[in-house]
Amino acid sequence: MEIALFDTALGRFGLGWTERGLARALLPGDDDAAMLERLTRAGGTQAEPSRAIAALMDRIEDYAEGEAIDFSDVSIDLSGVPDFHRRAYELLLEVRWGQTITYGALARRLGDVGLSRAVGQAMGANPIPLIIPCHRVLASDGKPGGFSAPGGGASKLKMLALEGVSVGAPAGQMSFGF
């Protein structure tokens with residue numbers, strides 16, 4: 001896996017990629033040393049971004065400046081990711097900019113609302129946050145729920161606010177702005 005760090009309006013991001021696609025994304029919040037340690041621990045070596053990765057970096061920079069960016073077309077490498085997590089991520093890729101879904105609704109789409117905790121575990125293990133938009137998954141009461149990225153729930157709220165989502169509104173109405 002090749003890796004690089006880059007600056008955005010939200011802070012410094014880290015990416016890791018293979019020939020199959022994006023394999024890791026680190027959201028802002030840690031210093032460079034911590035980010036590099038996490039990426040190299042995952043098998044990464046610093047490299048010059050390919051054209052596709054450089055274009056993705058540009059799109060992430062645009063997102064960080066508040067532009068509505070759709071990342072659903074990004075090639076991703078989920079090698080080693082459990083099948084359940086992979087299925088949850090595939091469904092989550094359908095949740096677009098400014099939209100949200102609850103853990104329970106995602107679990108129902110996976111076949112059983114009883115899978116809500118498993119969905120939460122999959123979101124917490126997401127190797128490619130933002131591109132696989134786990135920040136768009138909320139608790140059933142419309143509250144943010146957990147977020148394992150640096151900054152925790154505050155980071156999740158910041159990303160949702162960037163997308164125009166008012167957290168605390170009844171679930172299902174958030175994408176309509178009322």
Side-chain angles (χ1 to χ4, degrees), residues 8-10 13 15 17 20-29 52 55-79 81-178:
T8 74
L10 290 174
F13 273 79
L15 297 181
W17 63 94
R20 290 182 295 275
L22 186 66
R24 295 284 181 278
L26 299 181
L27 300 177
L56 175 58
M57 290 174 169
D58 288 342
R59 291 168 68 188
I60 292 171
E61 289 171 5
D62 292 343
Y63 172 90
E65 292 174 4
E67 290 186 39
I69 303 294
D70 177 11
F71 294 109
S72 63
D73 64 337
V74 174
S75 295
I76 56 177
D77 179 358
L78 293 175
S79 300
V81 172
D83 183 57
F84 178 82
H85 292 196
R86 207 181 288 236
R87 289 184 323 176
Y89 300 154
E90 287 171 7
L91 289 174
L92 187 53
L93 289 170
E94 298 171 10
V95 179
R96 301 289 188 237
W97 168 278
Q99 298 176 334
T100 59
I101 190 168
T102 64
Y103 294 97
L106 196 51
R108 273 190 296 285
R109 292 185 64 199
L110 287 162
D112 183 357
V113 74
L115 296 171
S116 295
R117 286 187 192 272
V119 167
Q121 291 171 346
M123 296 307 110
N126 180 2
I128 313 172
L130 178 60
I131 307 309
I132 298 173
C134 56
H135 65 283
R136 295 179 183 150
V137 183
L138 303 177
S140 61
D141 59 3
K143 292 185 178 168
F147 199 55
S148 61
S155 292
K156 186 175 194 173
L157 291 172
K158 188 174 191 178
M159 293 170 74
L160 290 170
L162 233 169
E163 297 183 22
V165 174
S166 176
V167 175
Q173 292 185 4
M174 294 180 195
S175 61
F176 301 105
F178 57 82

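Atom set for the values below is all heavy atoms of this structure, side chains included, hydrogens, waters and symmetry mates excluded.
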Any heavy-atom pair between the side chains of Tyr89 and Met123 that's under 4.5 Å? yes
Distance check, rounded to the nearest 0.5 Å: Asp83 atom CG versus Leu78 atom CG? 11.0 Å
So which atom in Asp77 and which in Ile128 form the shortest heavy-atom distance, rounded to 0.1 Å? O-CD1, 4.4 Å
Kindly state each residue pair satisfying salt bridge (charged side-chain N to carboxylate O under 4.0 Å, His left out) with at least one member in residues 89-102, sequence neighbours excluded. Asp70-Arg96, Glu94-Arg109
Please table the atom pairs, donor to acceptor, closer than 3.5 Å between any side-chain atom in residues 153-164 and protein atoms at least two apart or in another chain.
unit_1: Ser155; atom_1: OG; unit_2: Pro150; atom_2: O; d: 2.6
unit_1: Lys156; atom_1: NZ; unit_2: Tyr103; atom_2: OH; d: 3.4
unit_1: Lys156; atom_1: NZ; unit_2: Val137; atom_2: O; d: 2.5
unit_1: Lys156; atom_1: NZ; unit_2: Pro144; atom_2: O; d: 2.5
unit_1: Lys156; atom_1: NZ; unit_2: Gly146; atom_2: O; d: 3.0
unit_1: Glu163; atom_1: OE1; unit_2: Gly98; atom_2: N; d: 2.9
unit_1: Glu163; atom_1: OE1; unit_2: Arg136; atom_2: NE; d: 2.8
unit_1: Glu163; atom_1: OE1; unit_2: Arg136; atom_2: NH2; d: 3.3
unit_1: Glu163; atom_1: OE2; unit_2: Tyr63; atom_2: OH; d: 2.8
unit_1: Glu163; atom_1: OE2; unit_2: His135; atom_2: NE2; d: 2.7
unit_1: Glu163; atom_1: OE2; unit_2: Arg136; atom_2: NE; d: 3.4
unit_1: Glu163; atom_1: OE2; unit_2: Arg136; atom_2: NH2; d: 3.1

Would you compute the distance between atom CD of Gln121 and atom CZ of Phe84 and round it to the nearest 0.5 angstrom? 8.5 Å
Is there a side-chain contact between Phe147 and Leu27 in this structure, where contact means two heavy atoms from C-beta onward sitting under 4.5 Å apart? yes
Atom pair CG/CD1 of Leu91 and Ile132 - distance to nearest 0.5 Å: 11.5 Å
Nearest atoms (heavy-atom pairs only) where Cys134 meets Asn126: SG-ND2, 3.3 Å
If you take all heavy atoms of Ala23 and Pro127, which pair is closest and at what distance? O-CB, 3.7 Å
What's the spacing between Ile60 CD1 and Leu56 CG if we round to 0.5 Å? 4.0 Å
If you measure from CG on Leu106 to CZ on Arg87, what distance do you get to the nearest 0.5 Å? 10.5 Å
Show the numbers, then the answer: is there a side-chain contact (heavy atoms from CB on, under 4.5 Å) between Leu93 and Val95? CA-CA 5 Å; Leu93 289 170; Val95 179; over 6 Å; no
Heavy-atom closest pair, residues Gly104 and Ser116: CA-OG, 3.3 Å
Over all heavy atoms of both residues, which pair between Ala9 and Glu65 is shortest? Give the atoms and the distance, please. CB-CG, 4.0 Å
State the CG-CZ distance between Leu26 and Phe13, to the nearest 0.5 angstrom. 9.5 Å
